[in-house]
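What follows is one structure encoded as structure tokens, with my remarks underneath.
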Amino acid sequence: MTDLSLGFDPARERMMAESTGQYRFAENVMFALSDPALGISMWLHLGTWPDDFGIWEDYVQLHLPNNQGTLWSKSYMRVPADMRPAGPNLRAQCLEPWKRWRLTYDGIAYRTAPEALRTGFAQDGAREILGFDLQLDMAGPVWDAHSSAESKHGGGSMADQAWAKDHYQQLYTVSGTITIDGETKPFNGTGVRDHSRGQRGVRMDQFAGHALISALYPSGKGFGMQRMWNPEGKVTLDTAFVYIDGRYEFASVVECPRLGRELQYAGEKLKLVLRSDIGEHHFEGEVVHSGFSTMADEMQGLNIGAKPDNPTGYFVPAFARWTWDGEEAIGLTERSERAFRNPPVVA
């Protein structure tokens, strides 16, 4: 069994008690997960407020099956160091570094039609109780952006990023229960998590968009990719990996899907191509759920809902069904665009 930590210090999994003192220094964790049987996907984010390291935001977008709506919430709390990462409703706990986490939510969420979020900011509306208690078991090694970018298949640098200077991700399986409006069901699926630290929203003039895509398959294989670019179209970070039969390999991003101006909640067809020392890997995707968000100025969190032609652009944490060599899995398909007049991205 591959060492899931790849030799990284377990202390890296813990949240910081204090800021480094750098201007707008922040710490953030994200969890994206999907249960294909329930038809539910959710994108969860916990992070410090960039201008006050003691205040944490919890942010939820949960997509229900059969166009039943999106449940969402966003709230803030000053969080003691021993409770982090957490907010008023959402909490993440590292039970064993690089191996096991727990996610819990106990609170109120709004239910909104996806079409309303696709065309504008979220409005006050129907509320209902949401709760879940989920265990995440890591299913592959940690994917570190520094190591990947510096590999022969990678490119760019975390030092050039406007959103963090340290970043890693990891695939997992998830099991537990979810309660929506009084009905409790078992939840079983897969997902990806990330953890980042660094100055947030500094040098925003160098951030024009990104693609962050991953999936874990029933056979145990998985993949992930991340590409960032600046307004001139230059790629500032290019990282990817494949995990096949216990073999973990960095990969190059040959082709990845950009976010278009005409947003779709579901049905968009996607293509992704990665290349590793094992070979070339082709993925065909179709979006099944989309979360719609708009970046606040200087990355002060995300507004829920996509405001057309907002100068900060769209941020769409979606989920797609990705087919790889005949096997299917639903995985995070997160993309953003700040300006649609950008020139094509060049490697």
Side-chain angles (χ1 to χ4, degrees), residues 11-32 43-61 73-88 90-92 121 144-146 149 156-169 193-212 226-232 234-237 239 291 293-305 307 310-317 334-339:
R12 202 173 172 196
E13 288 272 67
R14 292 195 290 269
M15 302 300 110
M16 298 175 63
E18 297 179 353
S19 168
T20 63
Q22 289 178 294
Y23 174 65
R24 304 197 87 237
F25 183 85
E27 183 164 35
N28 299 272
V29 293
M30 179 276 293
F31 299 87
W43 191 87
L44 315 172
H45 190 271
L46 287 161
T48 58
W49 186 248
D51 298 313
D52 188 326
F53 196 77
I55 296 175
W56 279 73
E57 175 192 70
D58 67 26
Y59 180 106
V60 173
Q61 283 204 41
S73 70
K74 184 169 65 169
S75 52
Y76 301 87
M77 183 173 78
R78 189 168 295 280
V79 181
D82 61 352
M83 286 183 59
R84 300 172 187 171
L90 177 65
R91 186 180 184 191
F121 288 159
D144 177 67
H146 288 289
S157 170
M158 282 298 301
D160 296 330
Q161 303 310 310
W163 46 276
K165 295 296 182 284
D166 182 60
H167 179 74
Y168 63 82
Q169 299 178 66
R193 70 183 181 99
D194 75 14
H195 182 190
S196 60
R197 293 172 176 155
Q199 291 177 283
R200 197 76 161 174
V202 176
R203 297 180 67 228
M204 282 299 290
D205 60 323
Q206 294 302 302
F207 174 72
H210 85 294
L212 180 67
Q226 181 176 22
R227 172 174 279 188
M228 323 289 295
W229 51 88
N230 68 14
E232 288 71 47
K234 180 182 177 181
V235 173
T236 61
L237 186 69
T239 69
S293 306
T294 306
M295 286 179 283
D297 292 340
E298 297 183 330
M299 287 191 176
Q300 288 184 324
L302 295 171
N303 297 313
I304 295 176
K307 185 176 181 181
N310 189 287
T312 62
Y314 296 137
F315 184 97
V316 178
E334 177 187 299
R335 294 173 292 167
S336 69
E337 287 283 354
R338 294 194 71 209

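Along the sequence shown, the residues carry numbers beginning at 1. When reading the values below, keep in mind they use all heavy atoms of this one structure, side chains included, and skip hydrogens, waters and symmetry mates. Bear in mind that the values here come from a model prediction, so they are computed numbers and not experimental data.
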Inset, instruction - Any chance you could lay out the side-chain contact (heavy atoms from CB on, under 4.5 Å) test for Met30 and Leu44, step after step, and finish with the verdict? - result: CA-CA 6 Å; Met30 179 276 293; Leu44 315 172; over 6 Å; no

Inset, instruction - Begin from the C-alpha positions of Arg84 and Met16 and carry the test side-chain contact (heavy atoms from CB on, under 4.5 Å) through to its verdict. - result: CA-CA 8 Å; Arg84 300 172 187 171; Met16 298 175 63; over 6 Å; no

Can you name the side chain to side chain donor-acceptor pair (under 3.5 Å) partners of [X], sequence neighbours left out?
{"X": "Trp43", "answer": "Glu334"}
{"X": "Asn28", "answer": "none"}
{"X": "Thr236", "answer": "Gln161"}

Do [X] and [Y] have side chains that get closer than 4.5 Å, going by heavy atoms?
{"X": "Asn230", "Y": "Phe207", "answer": "no"}
{"X": "Gln61", "Y": "Ile304", "answer": "yes"}
{"X": "Phe121", "Y": "Thr294", "answer": "yes"}
{"X": "Leu237", "Y": "His167", "answer": "no"}
{"X": "Gln206", "Y": "Asp160", "answer": "no"}
{"X": "Met15", "Y": "His195", "answer": "yes"}
{"X": "Leu46", "Y": "Glu57", "answer": "no"}
{"X": "Trp49", "Y": "Tyr76", "answer": "yes"}

Inset, instruction - Please check if atom NZ in Lys307 has more than 12 non-hydrogen atoms from other residues, nucleotides or ligands closer than 6.0 Å. - result: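 For Lys307, atom NZ is not crowded (no more than 12 foreign heavy atoms under 6.0 Å).
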
Inset, instruction - Verify the distance criterion only: is there a donor paired with an acceptor across the side chains of Glu337 and Tyr314 at less than 3.5 Å? - result: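 No.
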
Legend entry - Ser293 side chain to Tyr59 side chain, donor-acceptor N/O pair below 3.5 angstrom: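 Yes, Tyr59 and Ser293 have a side-chain donor paired with an acceptor closer than 3.5 Å.
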
Non-hydrogen atoms of [X] and [Y] that approach each other most closely:
{"X": "Arg91", "Y": "Ala86", "answer": "CG-CB, 3.7 Å"}
{"X": "Trp229", "Y": "Ser336", "answer": "CZ2-O, 4.1 Å"}
{"X": "Ser196", "Y": "Trp163", "answer": "CB-CZ3, 4.3 Å"}
{"X": "Gly87", "Y": "Met77", "answer": "O-CE, 3.6 Å"}

Interatomic distance, [X] atom [atom1] to [Y] atom [atom2] [nearest 0.5 angstrom]:
{"X": "Arg78", "Y": "Asp52", "atom1": "CZ", "atom2": "CG", "value": "4.0 Å"}
{"X": "Asp144", "Y": "Tyr168", "atom1": "CG", "atom2": "OH", "value": "9.5 Å"}
{"X": "Leu90", "Y": "Ser75", "atom1": "CG", "atom2": "OG", "value": "8.0 Å"}

Inset, instruction - Decide side-chain contact (heavy atoms from CB on, under 4.5 Å) for Phe25 and Arg200; before the verdict, give the C-alpha distance in whole Å, the side-chain angles of both, and the deciding distance to 0.1 Å. - result: CA-CA 6 Å; Phe25 183 85; Arg200 197 76 161 174; over 6 Å; no

Legend entry - Lys/Arg N to Asp/Glu carboxylate O, Lys74 vs Asp58, below 4.0 Å: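 Between Asp58 and Lys74 there is no salt bridge, as every charged N stays at least 4.0 Å from the carboxylate O atoms.
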
Inset, instruction - Report the residues that fulfil salt bridge (Lys or Arg N to Asp or Glu O under 4.0 Å) with Asp166, sequence neighbours left out, ordered by chain and then residue number. - result: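 With sequence neighbours excluded, Asp166 shows a salt bridge (Lys or Arg N to Asp or Glu O under 4.0 Å) to Arg12, given in chain and number order.
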
Legend entry - salt bridge (Lys or Arg N to Asp or Glu O under 4.0 Å) partners of Arg197, counting only residues at least two apart: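 Salt bridge (Lys or Arg N to Asp or Glu O under 4.0 Å) check on Arg197 returns Glu27.
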
Donor-acceptor pair, distance only, cut-off 3.5 Å: does the side chain of [X] make one with the backbone of [Y]?
{"X": "Ser157", "Y": "Ala159", "result": "yes"}
{"X": "Thr239", "Y": "Ala145", "result": "no"}
{"X": "Arg193", "Y": "Ala32", "result": "no"}
{"X": "Arg335", "Y": "His210", "result": "no"}

Legend entry - For Gln199, all residues meeting side-chain contact (heavy atoms from CB on, under 4.5 Å), sequence neighbours excluded: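 Per chain and number, Gln199 pairs via side-chain contact (heavy atoms from CB on, under 4.5 Å) with Gln22, Tyr23, Val202.
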
